[in-house]
K.L.:
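I have a structure here, written as structure tokens, and I will follow up with some questions on it.
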Number of protein chains: 2
Amino acid sequence: METTYPVEDKVGSMLQKGGEHFHPGLSVDCVIFGFHDNQLKVLLLKMKHADKWALPGGFVYKEEDVEHAAVRVLESRTGLSDIFLRQYHTFGAPARSDRKLNRELLESVGMEPHEGHWFLQRFITVGYYALVDFSSAVPRPDEISEACAWWDLQEIPLLTMDHNHILQKALETLRKQLNDQPIGYNLLPEKFTMPELQRLYETILGKRLDRRNFQRKMLGYGILNRLEERKQGVAHKAPFLYSFNQERYGAALQDGLQQGW
Amino acid sequence: METTYPVEDKVGSMLQKGGEHFHPGLSVDCVIFGFHDNQLKVLLLKMKHADKWALPGGFVYKEEDVEHAAVRVLESRTGLSDIFLRQYHTFGAPARSDRKLNRELLESVGMEPHEGHWFLQRFITVGYYALVDFSSAVPRPDEISEACAWWDLQEIPLLTMDHNHILQKALETLRKQLNDQPIGYNLLPEKFTMPELQRLYETILGKRLDRRNFQRKMLGYGILNRLEERKQGVAHKAPFLYSFNQERYGAALQDGLQQGW
DNA sequence: AAGTCTGTGTGTCGCTGTAACACAATGTAA
DNA sequence: TTACATTGTGTTACAGCGACACACAGACTT
């Protein structure tokens, strides 16, 4: 975990008035991926009223597009707009809702949760994953959290409810879609080196790739611009910097790049 | 369209009591694929109170797993159990709900739809696609339909609401997952010939494949058992019959077969 | 009964993409 | 200046695939 920000408490009013404004029994959860220090990171929230971490999520307004709700979550947790976002699965098991936890949360903000309170019913959640540039994101907690931080994928703790499962499924989807989606473009900064791009692929796939074949294959796609500059201050031969050729990238993704690493 | 069955009208009670029993604002829709006469088919319902066809769908009980609701729909429309079923997308645009249509439906069964009636609110729907053996399925309409029939994929009419879109997305998903899912096993009968399997692939992919390369590739997977018998009564050399080796099939699908036709 | 027709089973050949590895180039540190 | 680590590029062997040739089997024609 890296950076955290405090935020004011508005949880009471949201939980109280939620029933009027939100689509009942529906939420969105976002698995926000970033890449830093050659590691794949996920943005998590530390809940105020339970000693557990959780995925960023939110509720859907009554006349709001579900995807728009995910965009709201994303923007408010990272400060970024125009984020790469994909819906990947909807989690609809009745047992996934933890009424006990939610009841405690209500009580902890001084509410007396009557039976049938909107927050105590069973929730279906729509899962989205997002790819963001780690260095431009500014993690920010929501109303019911005390911290918001990047976690290394290797060190994810036990999360609340079924959030470990939701995260796991997001990762599987990411791996499958690695060649169909502009993943590098969204997770890396404007300029990057070939080794950096390779680390990204290796981290997502969880296996090592041959340096030389990787380079050839990537360049073969014709979606990268080699820049004039080279990386500075490295204790060895300085690698070239590249940027994505967005036009060609988009065209190539029409068909999907190629398959099979 | 092929076979149709009538069914008794219980729509009134369902629409009346629905609010008590169902998870609010949530439905499932199923794109049920079958394969017959070298054509990919989809099971559609003719609505009673509108001159349009629709995808089979239903509502989710308050403590029911969403997937279970899809299974219910599937079983009651086809008479089959143990159906191959995959969730593929959740449709959450506010504009997708057609309040006007639903109001008319309520009025047509003699109900006076008050504002805020559960059936008039906005619905999110979870899309599933299913693969069934055409010859064993027995299409049966639901309470709000007067007919249930297989439609050729090439001849799909204008459907209600956003159902054309939902169907289109299912087809795209099916194409993408052709090599990751046991598609042949579910859409074909127990015994089948290589040309039949090839027609199935060609129909799903929407393009022709080379007969000889297809055969070699398929056999190369090692997931087919060549039977002793051959197809009878054909006006040319009789092709072998095959069955799926479920054990090997399952193992091969762990990694995904191969990619790219 | 022989020939024709249609569709199936198997083989071959060239191309492409991939994996595995060799070697030269470059910049920092000793 | 030398050693070292890492990058850029080349080579080679192999597997998979697309395109095609040819032989085979059953039914139909004449």
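Any value given below was found using the heavy atoms of this structure, including those in side chains, with hydrogens, waters and symmetry copies removed.
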K.L.:
Hey, could you give me each pair passing salt bridge (Lys or Arg N to Asp or Glu O under 4.0 Å) that has a residue in residues 186-198 of chain A? Not counting sequence neighbours.
P.N.:
A:K191-A:E229, A:E196-A:K231
K.L.:
Taking NZ, NE, NH1 and NH2 as the nitrogens, is one of them in B:R199 or B:E202 under 4.0 Å from a carboxylate oxygen of the other?
P.N.:
yes
K.L.:
Produce a footprint string for nucleotides 22-30 of chain C: one letter per nucleotide, 5' end first; B if the base is under 4.0 Å from any protein heavy atom, S if only the sugar-phosphate is, - if neither.
P.N.:
B--BBBS--
K.L.:
Output the rounded distance in Å from CG (A:L209) to P (C:dA20).
P.N.:
11 Å
K.L.:
Can you tell me the distance, in whole Å, between the CG atom of A:N213 and the C1' atom of C:dT16?
P.N.:
14 Å
K.L.:
Would you say B:R226 places a side-chain N or O within less than 4.0 Å of OP1 or OP2 belonging to C:dT10?
P.N.:
yes
K.L.:
Partners of B:H165 by ring pair (Phe, Tyr, Trp, His ring centres under 6.0 Å), sequence neighbours excluded?
P.N.:
B:F91
K.L.:
B:T125 and B:D29: which non-hydrogen atoms are nearest, and at how many Å?
P.N.:
OG1-OD2, 2.7 Å
K.L.:
With side chain to side chain contact (heavy atoms under 4.5 Å, CB included) as the test, pick out the partner of B:V42 among B:W150, B:F33, B:W53.
P.N.:
B:F33
K.L.:
Angle between ring planes, A:Y249 versus A:F244, binned at 30° and 60°: parallel, tilted or perpendicular?
P.N.:
parallel
K.L.:
Round to the nearest Å and state the distance from A:K217 atom NZ to C:dG17 atom C1'.
P.N.:
8 Å
K.L.:
Within the pair A:Q215 and D:dG8, is there a side-chain N or O less than 4.0 Å away from OP1 or OP2?
P.N.:
yes
